[in-house]
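Throughout, numbering of the chain's residues begins at 1 and tracks the sequence.
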Amino acid sequence: MQPPKAAYLIVRPYNTLPKLTFLGLAEKILREEKRPLSPAELWKNALTKGYDNQLESQGKTPAATLYSAIFTNTRDNLDTIFIKLGQRPARYFLKELLPTTTKTEIEKAITASDDTVATEYDYKELELHPFLTYYCRLYFKAFTKTIRHNTSRKKEFGEWVHPDLIGVYYALEDWKPELLDFSAATGNIAVKLYSFEVKKSISFANLREAFFQSVSNSSWAHEGYLAAAEISTDEDFLAELRRLSAAFGIGVISLSVEDPDSSEVLFPAREREAIDWETLNKLTMNADVLELLTRNKNDLQTKEIITEKYDAVPTAEQLTRSLRKIKRV
């Protein structure tokens, strides 16, 4: 008579392993590592341990999806289990593990891979566009289109009318086809438009000009933002910037050229319920704007986004490498 098979001899098929969400993946790794990790470090850890194979779905850019998931969860969910620590790069940890982790251990973990030396870079405003494109795709889930001012037909309307970039969020990425059809039938547009003005730096020296340029260029959009790589940390300046943002509804984005994942919205924009169609019609004098609106219509009709028609979304590594090429020597 053969003895019964031991339970530990029963081999469970690999495909029955529990699947992980991106947030579940982050939680699993942080519990094992017991130290704060950046999104890039989380993904590298996942690849090393083979946890990427346990994800419910990966998509084309799983590393970016992981960052977007934990970034959005920490920002929007008051009951989040995660906490953001440090800057450049920002790292994430589990709230419940904080009491059992000493301050020294946390500080050591945050600075463990921060072996870079502060570097000055020489770049043009146009070279910041890819940084904003990267951030918009993660933060707003929006695609961007750079608007070239020299493609406008009417020179008299050239100043303080065109945004530097237009961002487009499509609900068709999140909504079911039936809901999209219902939305169209009721006259609602399943799209959200953003306007972005980009500056290398903002301080008291150029605050009013930069800010009111953003106001003028963004009056038509659902949300308008002023983005800059260098924003003065003077307390009086930040107080005035906050006041202007609240008064006119223009948001402010701080772009990090050293660590794109540390870019952040300093002050959110006030959302408008409807697009200013008259002003948007005026903007169609610009060939890039007209092309973008045509692209929007086609994507909504076909329920398929042709990403090649928008600004290419770089990776954080590509952005970092692009800055090394223009490092000031």
Side-chain angles (χ1 to χ4, degrees), residues 22 26 36-47 59-76 82 84-92 110-146 164-169 194 196-202 225-231 233 251-269 307 310-328:
F22 280 96
L37 295 172
S38 68
E41 291 168 336
L42 282 168
W43 184 244
K44 182 178 179 181
N45 197 290
L47 294 176
K60 295 181 179 180
T61 56
T65 303
L66 172 62
Y67 166 68
S68 179
I70 192 170
F71 176 89
T72 305
N73 180 267
T74 307
R75 181 196 67 193
D76 298 340
F82 302 102
K84 180 181 176 182
L85 300 170
Q87 294 286 342
R88 301 185 179 183
R91 287 178 170 80
Y92 296 87
I110 291 176
T111 59
S113 61
D114 187 13
D115 55 359
T116 58
V117 178
T119 308
E120 287 189 332
Y121 297 97
D122 186 15
Y123 52 84
K124 301 176 181 178
E125 286 180 1
L126 185 62
E127 290 170 301
L128 290 174
H129 288 202
F131 287 83
L132 185 56
T133 294
Y134 173 80
Y135 184 70
C136 284
R137 186 60 188 146
L138 293 178
Y139 185 89
F140 299 112
K141 299 178 68 174
F143 296 95
T144 65
K145 174 75 172 179
T146 292
D164 289 323
L165 294 95
I166 292 178
V168 186
Y169 162 74
Y194 299 87
F196 299 101
E197 186 67 28
V198 181
K199 299 295 181 186
K200 288 180 62 176
S201 63
I202 49 175
Y225 283 89
L226 170 62
E230 302 165 27
I231 299 178
T233 58
V252 179
I253 297 174
S254 173
L255 296 173
S256 174
V257 296
E258 294 179 347
D259 175 31
D261 288 338
S262 290
S263 296
E264 60 181 335
V265 170
L266 295 182
F267 309 118
T307 58
Y310 301 90
D311 294 339
V313 182
T315 65
E317 292 75 14
Q318 287 172 331
L319 291 173
T320 303
R321 287 199 298 270
S322 72
L323 279 186
R324 289 196 183 107
K325 294 178 182 177
I326 58 174
K327 185 186 298 183
R328 183 181 299 149

If every non-hydrogen atom of [X] is compared with every non-hydrogen atom of [Y], which pair is closest and at what distance?
{"X": "E258", "Y": "T320", "value": "O-OG1, 4.4 Å"}
{"X": "P39", "Y": "L66", "value": "O-CD2, 3.9 Å"}
{"X": "Y169", "Y": "A142", "value": "N-CB, 4.0 Å"}

Anything under 30° is parallel, anything over 60° is perpendicular, the rest tilted; go ahead and classify F140 against Y225.
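Tilted.
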Does the side chain of K145 reach to within under 4.5 Å of the side chain of V168, using non-hydrogen atoms?
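Counting from C-beta outward, K145 and V168 never come under 4.5 Å.
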So Y194 and T144, do their side chains get closer than 4.5 Å, heavy atoms only?
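A side-chain contact under 4.5 Å is absent here.
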Kindly determine whether Y134 and S263 satisfy side-chain contact (heavy atoms from CB on, under 4.5 Å), including the steps that lead there.
CA-CA 10 Å; Y134 173 80; S263 296; over 6 Å; no
Tell me, please, which residues at least two apart from N73 pass side chain to side chain donor-acceptor pair (under 3.5 Å).
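For N73, the residues satisfying side chain to side chain donor-acceptor pair (under 3.5 Å) (neighbours in sequence not counted) are T80.
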I need the H129 NE2 to L255 CG distance, nearest 0.5 Å.
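These two atoms lie 10.0 Å from each other.
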Rounded to the nearest 0.5 Å, how far apart are CD1 of I70 and CG of D261?
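These two atoms lie 11.0 Å from each other.
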Say whether, by atom type as modelled, one donor and one acceptor occur between the side chain of T133 and the main chain of V313 under 3.5 angstrom.
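Not confirmed, T133 side chain does not pair with V313 backbone.
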Main-chain N/O of S254 paired to Y135 side chain as donor or acceptor, under 3.5 Å:
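Side chain of Y135 to backbone of S254, a donor-acceptor pair under 3.5 Å: no, none is there.
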Please determine which of D311, T307, I166 meets the side chain to side chain contact (heavy atoms under 4.5 Å, CB included) test together with F143.
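Among the candidates, only T307 passes.
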Quickly, which of L126, T146, I253, D164 forms a side chain to side chain contact (heavy atoms under 4.5 Å, CB included) with V198? Name it, please.
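Result for side chain to side chain contact (heavy atoms under 4.5 Å, CB included) with V198: D164.
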Taking ring-ring contact (aromatic ring centres under 6.0 Å, His included) as the definition, give me every residue that meets it alongside F267, ordered by chain and number, with sequence neighbours left out.
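By the ring-ring contact (aromatic ring centres under 6.0 Å, His included) rule, F267 matches no residue at all.
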